[in-house]
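These notes are about the structure you will find just below.
Just so it is clear, the structure is predicted and the values come from calculations on it, not from any experiment. Ligands are counted one by one from 1 in listed order, and the atoms in each one are counted from 1 as well.
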Amino acid sequence: MALTTALTTAVGKQTQLSEVAGIPLQAAAVDNWSQIQSFEAQPDDLLICTYPKSGTTWIQEIVDMIEQNGDMEKCQRALIQHRHPLIEWARPPLPSGVEQAKAMPPPRTLRTHLPAQLLPPSFWENSCKFLYVARNAKDCMVSYYHFQRMNQVLPDPGTWEEYFETFISGKVGWGSWFDHVKGWWEMKDRYQILFLLFEDIKRDPKHEIQKVMRFMGKNLDEAVLDKIVQETSFEKMKENPMTNRSTVPKSILDQSISPFMRKGTVGDWKNHFTVAQNERFDEIYRKKMEGISINFCMEL
Ligand code: PPS
């Protein structure tokens, strides 16, 4: 479909992003683009959709615990990143996300960071269910900055000041936060999309988990719900080797630079943004998100 072009974003590390239709993606995904676009979704697929660093791992564990009726042992069957294939994943030596998904028995739960306009069309055509989690842009930027510091296969973020500019211009993997959130929000009334906010899950996990449970067509006892709340807390997931990425080699994720499960809070942006950056960001946000009625909570 779209033309792909190389984008020079690597600073220091041997990494490179390429573009599809103006969206920077990992070069391997771009090389594999026709396979990704022709992915055959099934009507009973559930797709977890997020902009990076918005609580993907968290909602994956919640969804899996709901699917497994709260059986923690079953959730320990595989690393979280392998339980729900990222459909645009294409970097060897692992099989591509498309191949991993093809090998899964139905009903499948899959995952993507793709913006709505780049989603393989079969997801829309088959009326699949989508679970979108959005996180406030400032905390998302902070989390992404630390992730790019420790992730050895993504471009080096440079200084915080440099990264601030990179992020607001959308020159990061999977593109602009603003366009991503807006794009999925605008799809929400046309398709089966449950739109969740990271901050709501943090404030009232049981309430949000119940919403997810109903959306998935499940009905679990209070006791099971309470167990899911407990097992999916930041503290538990940080200690859980199946969710904390501790088995990923240091050559890919160097957790001595910054842990994958870093803080898991709302409002860490206040420790990073200067007053001037905050004012400028608010102005940009107002313009870019005009007409989008999402009420992001910026601190708890
Ligand atoms: S990725 O790499 O895009 O899949 O990352 P993602 O999982 O979307 O986001 C990582 C951030 O989510 C935080 N996180 C949590 N917060 C609260 N509770 C739980 N259980 C939880 N699990 C993951 C994680 O710590 C990252 O945020 P920061 O702010 O960097 O700590």
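The atoms of ligand 1 that sit less than 4.0 Å from any heavy atom of T57 are 4 (O), 6 (P), 7 (O). Interface of S233 with ligand 1, defined as ligand atoms under 4.0 Å from a residue heavy atom, comprises 20 (N). Close approach of ligand 1 to G55 is summarised as follows: ligand atoms under 4.0 Å from at least one heavy atom of the residue are 6 (P), 8 (O), 9 (O). The H113 neighbourhood of ligand 1 comprises atoms 3 (O), with distances under 4.0 Å to a heavy atom of that residue. Remark: ligand 1 atoms within the under-4.0 Å shell around heavy atoms of P52 are 3 (O).
Heavy atoms of S143 found under 4.0 angstrom from ligand 1 belong to the backbone as well as the side chain. With a heavy-atom cut-off of 4.0 Å, H146 does not touch ligand 1 at all. Neither the backbone nor the side chain of R111 comes within 4.0 Å of ligand 1, counting heavy atoms alone. When non-hydrogen atoms are compared, ligand 1 lies under 4.0 Å from the backbone of T232 (N, CA, C, O) but not from its side chain.
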### Query
So V248 and I252, side-chain contact (heavy atoms from CB on, under 4.5 Å) or not? Walk me through it.
CA-CA 7 Å; V248 177; I252 298 176; 3.9 Å; yes
### Message
Applying side-chain hydrogen bond (donor to acceptor under 3.5 Å, both in side chains) to D64 and Q60, what does each step give before you reach the verdict?
### Response
CA-CA 6 Å; D64 199 34; Q60 280 184 261; over 6 Å; no
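Considering only non-hydrogen protein atoms, atom 15 (C) of ligand 1 sits nearest to F234 CD1, 3.8 Å. Nearest to atom 24 (C) of ligand 1 among the protein's heavy atoms is F260 O, 4.0 Å. For atom 2 (O) of ligand 1, the nearest protein heavy atom (residue, atom name, distance) is K53 NZ, 2.9 Å. Nearest to atom 8 (O) of ligand 1 among the protein's heavy atoms is T56 OG1, 2.4 Å. Among protein heavy atoms, atom 11 (C) of ligand 1 sits closest to R135 NH1, 3.7 Å. Among protein heavy atoms, the minimum distance from atom 16 (N) of ligand 1 is reached at G264 CA, 3.3 Å.
For the pair K138 and D282, the salt-bridge criterion is met [side-chain N within less than 4.0 Å of a carboxylate O]. In summary, E235 and K238 do not engage in a salt bridge, as defined by a charged side-chain N under 4.0 Å from a carboxylate O. The residues E67 and R83 are annotated as not salt-bridged, no charged nitrogen and carboxylate oxygen being separated by less than 4.0 angstrom. At a threshold of 4.0 Å, the pair E165-R280 counts as salt-bridged, since one of the basic side-chain nitrogens sits closer than that to a carboxylate oxygen. A salt bridge does not link D200 with R135: every distance from a Lys NZ or Arg NE/NH1/NH2 to an Asp or Glu carboxylate oxygen is 4.0 Å or more.
For atom 22 (N) of ligand 1, the nearest non-hydrogen atom from the set K238, M261, E231 comes from M261. Here the shortest heavy-atom distance to atom 12 (O) of ligand 1, taken over F147, F198, W58, W269, belongs to F198.
Note: no N/O pair closer than 3.5 Å links D139 and ligand 1 by distance alone. Remark: ligand 1 and K202 share no N or O pair separated by less than 3.5 Å (distance only, no angle test). Taking only nitrogen or oxygen atoms, main chain and side chain alike, R262 reaches within less than 3.5 Å of ligand 1.
Checked against F130 for a ring-ring contact (aromatic ring centres under 6.0 Å, His included), the options W185, F215, W124, F195 give a single hit: W124.
Residues passing the side-chain hydrogen bond (donor to acceptor under 3.5 Å, both in side chains) test with K206, sequence neighbours excluded: E222, D226.
Applying the 6.0 Å contact sphere to NZ of K188 captures more than 12 heavy atoms from other residues, nucleotides or ligands.
In terms of heavy atoms, G264 sits closest to K202 at O-NZ, 2.7 Å.
Legend: salt bridge (charged side-chain N to carboxylate O under 4.0 Å, His left out) pairs involving residues 115-127, not counting sequence neighbours: none detected.
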